[in-house]
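Handing you a structure now.
Per chain, numbering begins at 1; letters A, B, ... match sequence-line order. The basis for the numbers below is simple: all heavy atoms, side chains too, and nothing from hydrogens, waters or symmetry mates. Not measured: the values here are computed from a predicted model.
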There are 2 protein chains.
Amino acid sequence: MAMADAACSSEQTGTGRRRFSPLLTIEQVASRTGLTKRTLRYYEELGLLRPTGRSDGNYRLYSEDDVERVERIKELRDLLGFSLAEIRAFLEADDEREQLREAFRQESDVEARLAQLERCDTLIQRQLQLIEQKITGLEQLRSSLQARLDRHAQRRAELLQQRSSLDK
Amino acid sequence: MAMADAACSSEQTGTGRRRFSPLLTIEQVASRTGLTKRTLRYYEELGLLRPTGRSDGNYRLYSEDDVERVERIKELRDLLGFSLAEIRAFLEADDEREQLREAFRQESDVEARLAQLERCDTLIQRQLQLIEQKITGLEQLRSSLQARLDRHAQRRAELLQQRSSLDK
DNA sequence: CTTAACCTTGACGTAAACGGTAAACCTGTG
DNA sequence: CACAGGTTTACCGTTTACGTCAAGGTTAAG
């Protein structure tokens, strides 16, 4: 069995406490996320995912953040039923927000910071709108099914009453 | 222009009031639902949709119920992101419920009717569970975005305060 | 009855989202 | 350092969900 504790290129702190979590091989990411290695490479090819680094031998190395991103992709794919292209757009908004965060921390001018917040909010609003649209559609579906159950409960009550009056 | 008022094979009632809505051609269903004719034929091929009848010349004829079913399919596809195979399974549950409804109306035994209601309910419950699972996932996503907006509102308030104290 | 416009059933083509395999390279263990 | 097993890129194959085209039958209007 090879590659037991792979790629500890990020070292420990002087005291022995881990400052950076060790980077992961593609196999480890695959087993943690339930995706196949092929799929991870494919997502990278589409620009959805960029592993934090590469080993000396050109092996992909993933950080915990990368794993989180993978989970995010899965969520968007399974919950929202988005195509990978749509997910890409969605994540690009995330990325721009990340950039804005960085810029925000370096910016000192109050007006500029307010403008950045504004921009960031519109990005979020757009995502929220998409999600809420899906939710209302689903809730509509749910309530129609629920109504059916309610009608059945009504019928059931009638039938039970019928039965008890016969039992007498 | 051909096929102006196609396929009135279902006739009127004696009084002139329409008892049955006229059946529709594939073109009409396509334009009403926004799907293409090809897609409608494909769905039929997969067993998702079976037009109510055929004309003498072997043209597909759709009823209003058929149109509703198409809308249902669209919902399941777009909202839930289901594959057509999953939609097929979902609709088969609908169909069994429909059969149960018929059986229910013909059944007079109270116990039997109760059992049918029970069976019907479990079918609905299964569908509900799927939907609710999606909804909670989406709501989680939504609240995380909302939290971000809230934090930004907080920051914005701080910045505005800063500005006003400088204005002074 | 002719004809434009619609329909039918194939059959082939395609984009998306991967699966699988080959050829060559990397890595930890004995 | 040998080697089993993990990884890389490259490329071809497959399934799903249709698009598109061809050959031939149907329908309504003139």
Quiz item: Taking atom C1' of C/dA17 as reference, at what distance in whole Å does atom CD of A/Glu44 sit?
Solution: 16 Å
Practice problem: To the nearest Å, give me how far apart CZ (A/Arg38) and C1' (C/dG20) are. | Solution: 9 Å
Quiz item: Looking at B/Arg72 and B/Glu68, does any basic side-chain N land under 4.0 Å from a carboxylate oxygen?
Solution: no
Quiz item: Taking atom P of C/dA16 as reference, at what distance in whole Å does atom CG of A/Leu46 sit?
Solution: 9 Å
Quiz item: When you match A/Gly57 and A/Thr36 each to their closest nucleotide on DNA chain C, which lands nearer the 5' end?
Solution: A/Thr36
Quiz item: Are OP1 or OP2 of D/dT16 and a side-chain N or O of B/Tyr42 less than 4.0 angstrom apart?
Solution: no
Self-check item: Between C/dC26 (P) and A/Arg54 (CZ): distance, integer Å
Solution: 13 Å
Quiz prompt | Whole angstrom value for the distance that separates P of C/dG20 from CZ of A/Arg41 | solution = 13 Å
Quiz item: Can you check the B/Ile26 CD1 to C/dA5 P distance for me, whole Å?
Solution: 20 Å
Quiz prompt | B/Arg97/B/Asp121 ion pair, N-O < 4.0 Å | solution = no
Practice problem: Considering just the side-chain nitrogens and oxygens of B/Ser55, establish if one lies under 4.0 Å of OP1 or OP2 belonging to D/dT27. | Solution: yes
Practice problem: Just compare D/dT7, C/dC7, C/dC18 and give me whichever is closest to any side-chain atom of A/Glu27. | Solution: D/dT7
Practice problem: Would you please say whether a donor-acceptor pair under 3.5 Å links the side chains of B/Gln161 and B/Arg156? | Solution: no
Practice problem: Using whole Å, report how far CG of B/Asp56 lies from C1' of C/dC6. | Solution: 16 Å
Practice problem: Return the 5'-most residue of the pair B/Phe82, B/Asn58 with respect to DNA chain D, ranking by each residue's nearest nucleotide. | Solution: B/Phe82
Self-check item: Sidechain N-carboxylate O distance under 4.0 Å for A/Arg77, A/Glu86
Solution: no
Quiz item: Which nucleotide, D/dG6, C/dT8, D/dT8, lies nearest any side-chain atom of B/Tyr59?
Solution: C/dT8
Exercise. Could you check B/Glu44 against B/Arg50 for salt bridge (charged side-chain N to carboxylate O under 4.0 Å, His left out), going step by step and ending with a plain yes or no?
Key: CA-CA 6 Å; B/Glu44 182 176 349; B/Arg50 189 163 58 270; over 6 Å; no
Quiz prompt | Interatomic distance where CG belongs to A/Leu49 and P belongs to C/dA17 [whole Å] | solution = 15 Å
Quiz item: Can you check whether B/Thr39 has a side-chain N or O nearer than 4.0 Å to OP1 or OP2 of D/dA17?
Solution: no
